[in-house]
Amino acid sequence: MPELPETETIARDLDGRVSGATIVDARVRKSDVLRGVTAAQFVKRLRGVDIVRSWRRAKLIIIDLSSNDRIVVQPRFTGALLIDEGGSLAADELRYSTLQLNLGDGRALHYRDIRRLGTVALMTAERYEAYAARLGIEPLDPAFSGAHLSGLLRGSRQAVKKVLMDQRLVAGIGNIYANEALWRARIDPSRASRTLSLDDAGRVRDALVSVLRESIAARGTSFRDYRDASGARGTFVESLAVYGRAGEPCPRCGKRLVGTHAIDGRMTVLCAQCQR
DNA sequence: AGGGGAACCCGTACGC
DNA sequence: TGCGTACGGGTTCCCC
């Protein structure tokens, strides 16, 4: 479940390891992950093109190419970008490879996706800009202040957790970090967004920024299938306070954490005693 | 318009 | 043990 910290980790890894490499050939094994291009077009537009840089926006990994195209990867649940240095990856990591880019130096970049709900699009720079214009503010942008978040929250009657996960408003927050940040900020996830005070919004903003930064430092949360570009796990799962811990004691007050699907159909975990 | 629900996909968990 | 089925999960699209 790559959210912001996990996609940031993948993008940084790729940027350090494949920038400057040439794609000599591409192979499509499962074309249903592709968006906006056919398998034949994908191969044709990538062959002979250089990788310029890799970076993150929202939960997307963007690979800039010398051709003015961008590969836009949305890993969803089980997607991963893996670099194979020629036998450096275990066979079961490559078992679910859907796309393979062969690089001029003999390495290969794979898009692995077990359940194939993730997507890979090939967009011109112009089409990417139009797509990205619909995404909300980056939570690690200096402009994402408590006052800014407060303005966003005041515009909705929905549960605050749902608003935090709305990619049109704030980009990159998914179920794990929404749960964690609201616990840190002591806010009940079911509270109507517009009822949060400026002080509440400031605490949520600070909690989001701190939990995202800490998770990036730990190379993300590997709850089930997330892997970095080398096939390794992130370690932030050990630092999660509430996600995946329903029934365990609240790390702050000791009361049993509650798990519910009532808010947005997603698993929400909270402490009913210290989140209000 | 904004919100609700289905579709996408398949490994895993669970029931018989 | 083996088979069948329900489930999950972010985003997009359709419909009301």
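The sequence lines fix the lettering, A, B, ..., with proteins before strands; numbering per chain opens at 1.
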Rounded to whole angstrom units, what separation is found between the [atom1] atom of [X] and the [atom2] atom of [N]?
X      : N      : atom1 : atom2 : answer
A:F77  : C:dC7  : CZ    : P     : 16 Å
A:K59  : C:dG9  : NZ    : P     : 12 Å
A:Y243 : C:dG8  : OH    : P     : 11 Å
A:I176 : C:dG9  : CD1   : P     : 10 Å
A:R115 : B:dT12 : CZ    : C1'   : 7 Å
A:Q158 : B:dA1  : CD    : C1'   : 13 Å
A:R168 : C:dC13 : CZ    : P     : 13 Å
A:L152 : B:dG2  : CG    : P     : 14 Å

### Query
Measuring from A:L34:CG to A:L99:CG, what's the distance to the nearest 0.5 Å?
5.5 Å
### Message
When you measure from the side chain of A:R233 to the backbone of A:D228, do you find a donor-acceptor pair of N or O atoms at a distance under 3.5 Å?
### Response
no
## Note on the structure
Assign each of A:R35 and A:I114 the nucleotide of DNA chain B bearing its closest heavy atom; nearer the 5' end lies the nucleotide of A:R35
### Summary
Assert: residue with more 5' nearest nucleotide on DNA chain B, out of A:R76 and A:R95, is A:R76
Any salt bridge between [X] and [Y], counting N to O under 4.0 Å?
X      : Y      : result
A:E6   : A:R227 : no
A:E248 : A:K255 : no
A:D32  : A:R116 : yes

Hey, is the side chain of [X] poking within less than 4.0 Å of OP1 or OP2 on [N], counting only N and O atoms?
X      : N      : answer
A:Y96  : B:dC10 : no
A:Y131 : C:dT12 : yes
A:Q74  : C:dT11 : no

Classify [X] by what it touches in the nucleic acid, base, sugar-phosphate, or nothing, heavy-atom distance under 4.0 Å.
X      : answer
A:K162 : sugar-phosphate
A:R116 : sugar-phosphate
A:L117 : base
A:D32  : sugar-phosphate

### Query
What nucleotide, of C:dT11, C:dG8, B:dG4, holds the atom closest to the side chain of A:Q167?
C:dT11
